[in-house]
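Side-chain atoms are counted along with the backbone in the values below, which use heavy atoms only and exclude waters and symmetry mates. Protein chains get the first letters and strands the later ones, always in sequence-line order, with residue 1 at the start of each.
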2 protein chains.
Amino acid sequence: MTGHSLNRRPGIKDVAASAGVSIKTVSRVVNAEEAVHPETRARVIQAIQTLGYVPNTAARSLKSGTNGSIGIVIDSLADPFFAALVSAIETRALAEGLSVLVASSNLDSDREREQLLSLVAGHQVAGVIFAPVADEHPYLDPFRTTTPVVAVDRSRAGFDCVVVDDRGATALAVQQLVELGHERIAFFDRDERFSTIHRRLDGYLDVLRDAGLPYDPELVSSTVDGSLDYLSEAQRLLGLERPATAFFASNAKAAIGLTTALHRIHRQNTAMIAFGDFAFADVLRPGVSCIDQDPFLIGNAAIERLLALREGPKNDPREWIVPTALLLRGSGEIPAPPDATSHAHISTTEGQLA
Amino acid sequence: MTGHSLNRRPGIKDVAASAGVSIKTVSRVVNAEEAVHPETRARVIQAIQTLGYVPNTAARSLKSGTNGSIGIVIDSLADPFFAALVSAIETRALAEGLSVLVASSNLDSDREREQLLSLVAGHQVAGVIFAPVADEHPYLDPFRTTTPVVAVDRSRAGFDCVVVDDRGATALAVQQLVELGHERIAFFDRDERFSTIHRRLDGYLDVLRDAGLPYDPELVSSTVDGSLDYLSEAQRLLGLERPATAFFASNAKAAIGLTTALHRIHRQNTAMIAFGDFAFADVLRPGVSCIDQDPFLIGNAAIERLLALREGPKNDPREWIVPTALLLRGSGEIPAPPDATSHAHISTTEGQLA
DNA sequence: ACCCGCGACGACAACGTTGTCAAGTCGTTG
DNA sequence: CAACGACTTGACAACGTTGTCGTCGCGGGT
């Protein structure tokens, strides 16, 4: 019993013994270092293959201080937007020989903290991409010097951020509605928890102001406790004395809920534009017009930036704006009913135009 | 310069020094072992918090031989079904204090092998859940004694598998169509690469046989090189001498493609049932009837089984069948046009029943 | 007074790998 | 022939943690 191969996983030592070299040489071969005689290299590779040796990641990262994987923290994988985003990152990471550790924050900032620390301090990941929940992340400071961090979807000061121009894209969409004569445009799902939504609301307000339309809080539906009854809310808005004639859904959930609701009450011929594309938006009658925020573009930009940070010393963090597209599919082009608001609009805010 | 706290991450040694105990005692506290005096424990915890100590996962798993995370290999995260499945697993894993390493196979068995080995041998994960691609996975054998493995979505001999009853569920759906008088039922996306699809085709054939209907290969559309032009294929089927009067989509991609195609040519009033629920299936007109295969149920069952395998010695692997539901939403209940096939059907395969 | 047992704790090796540094082997040059 | 450099290789420590085993102090039974 010379304690050989059977029943224990082969380690670098076994390979070394089998190839008749030292463990260091095996290490060199595994890490594709130059200084190894081709013949020796061949012998080692041979040994690796017959033994089925796979280097131990734990030992490796213990020595090097950095794990060969990147950490991701997003709201939830059940959200198709984030799932696609992670998918894009994973694809690129694989090409780089990096694994992906994924965790969800569930929009809870305590959980976000826990997960981020586990990744950065515990697993010592080579980098982190996350969709920030809390406003501040001071606990990441000690790691910032060694671990590159990129924020996605929601912007945060101090981090490289990959986001879309929420305010501008929203403005463009709402502008489209205004140009078709809509004066009563409902905004769905104001939600104080998300700065993203905040900016979209700002874009909405920008257009109203520039068009000289009054801002009516009654037209803005708020999510309470993360949920909203789209059906009754839609009915309320359509039943106002001066009813809403167009809808803007500021997120995918609202888009789905609203679309479903409008179809259910057979009012699908109401003008509507949604922030975020979704499956079947173009199959419905009429097609739901959307602001397309491509998760693959965002994911790619984020991982690309992360990889860049791994190399060069990081200059000041900045915001990376990924372009969006306004996909008009019918629902956004439905003009306001001529009689919607029969009295002429009197602009009282002239001077405010740029 | 006594080389203290600043600029280096605190290790167990720093905590020990700060609390005036040995590193072993800190280890005991971190691992919640009994034999520690409450007072000492408090002192250590205090030190841990002030220093912001987080144990190093790499060193931990190097010693213990097992990483505190579970590995997942699925087709692609961009597929909402798998994304939801991973989400369910991740949620449960978190509760167990386990992280999630996720990789995609992209349906490539070489890549599957690479990823599985990286997880099992490289990262030494505490367990693996994967959607098998290859028929055999002999390279996993050396690890089976120490690492629990659970297959999902597609069944494989030798593994605990969490799947749905593809054949039975399909049969139920096709039966529904047959009962409404359909005799020309198209089957979409025969794909040799997936045993899942194979079994669904079997279910389809079961019903035809039991109903005494002839099997017409012209009604079965095959995916070539992973893609299919649903529009022209649908038109071909509807243009046959004896046209298809109902469609069965054996996977979500086919369902989406087919639905889009039928809408585009304004034939959405064709009977149709899809395997796999998808967003908006109930918003379309008519609603698309679906066999609902709940990814959360599957994910939960898989992780639950995995956790069980971590404990007890594993008895023989078995198949765990997760129930499906036939969601009738309109499209599946559209009867066959009375004149579709005007000649009476003559059963010549009587004896085969039961 | 003695011994034994038990609870609390620490010294030290070990996990598998890589970085550091030194040593060996050549062929080439002065 | 000695000296040198280029190339190839190996011995050994170290990464941060946990397992093993030993030590210490104290209380109770004889």
Nearest non-hydrogen partners of B:A35 and B:R28, listed with the distance: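 That would be O-CD, 4.1 Å.
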DNA chain D-proximal residues of residues 31-42 of chain B, any heavy atom under 4.0 Å: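 When residues 31-42 of chain B is checked for heavy atoms under 4.0 Å from DNA chain D, the hits, listed by number, are B:N31.
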Full working for side chain to side chain contact (heavy atoms under 4.5 Å, CB included) between B:D153 and B:Q293: CA-CA 10 Å; B:D153 194 46; B:Q293 156 188 48; 3.5 Å; yes
Steps toward side-chain hydrogen bond (donor to acceptor under 3.5 Å, both in side chains) verdict (B:E319, B:S155): CA-CA 8 Å; B:E319 244 182 15; B:S155 172; 2.6 Å; yes
Rounded distance (nearest 0.5 Å) linking atom CG of B:N56 with atom CD1 of B:I12: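 If we round to the nearest 0.5 Å, B:N56:CG and B:I12:CD1 are 10.5 Å apart.
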Lys/Arg N to Asp/Glu carboxylate O, A:D75 vs A:R154, below 4.0 Å: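 Looking at A:R154 together with A:D75, the answer is yes, because their closest N to O distance falls below 4.0 Å.
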Among A:I45, A:T25, A:V29, the one residue meeting side chain to side chain contact (heavy atoms under 4.5 Å, CB included) with A:T40: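 Going through the options one by one, the only one that passes is A:T25.
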Axial cation check for B:Y139 ring with B:R113, 6.0 Å and 45° limits: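 That pair qualifies as a cation-pi contact.
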Residue mapping more 5' on DNA chain D - nearest nucleotide basis, A:R43 or B:V54: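 Of the two residues, A:R43 wins.
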Note, B:P55 side chain near B:R60 side chain (heavy atom, < 4.5 Å):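 Yes, at least one pair of side-chain atoms sits under 4.5 Å.
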B:V102 backbone acceptor or donor facing A:E90 side chain under 3.5 Å: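 No; zero donor-acceptor contacts below 3.5 Å.
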For DNA chain C, the residues among residues 20-29 of chain A that have a non-hydrogen atom under 4.0 Å from it: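 Contacting residues: A:I23, A:K24, A:S27.
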Span of DNA chain D, from the first to the last nucleotide whose atoms fall under 4.0 Å of chain A heavy atoms: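 Boundary nucleotides touching chain A, in 5' to 3' order, are D:dT8 to D:dG16.
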Evaluation steps, side-chain hydrogen bond (donor to acceptor under 3.5 Å, both in side chains), between A:H123 and A:S69: CA-CA 9 Å; A:H123 291 278; A:S69 42; over 6 Å; no
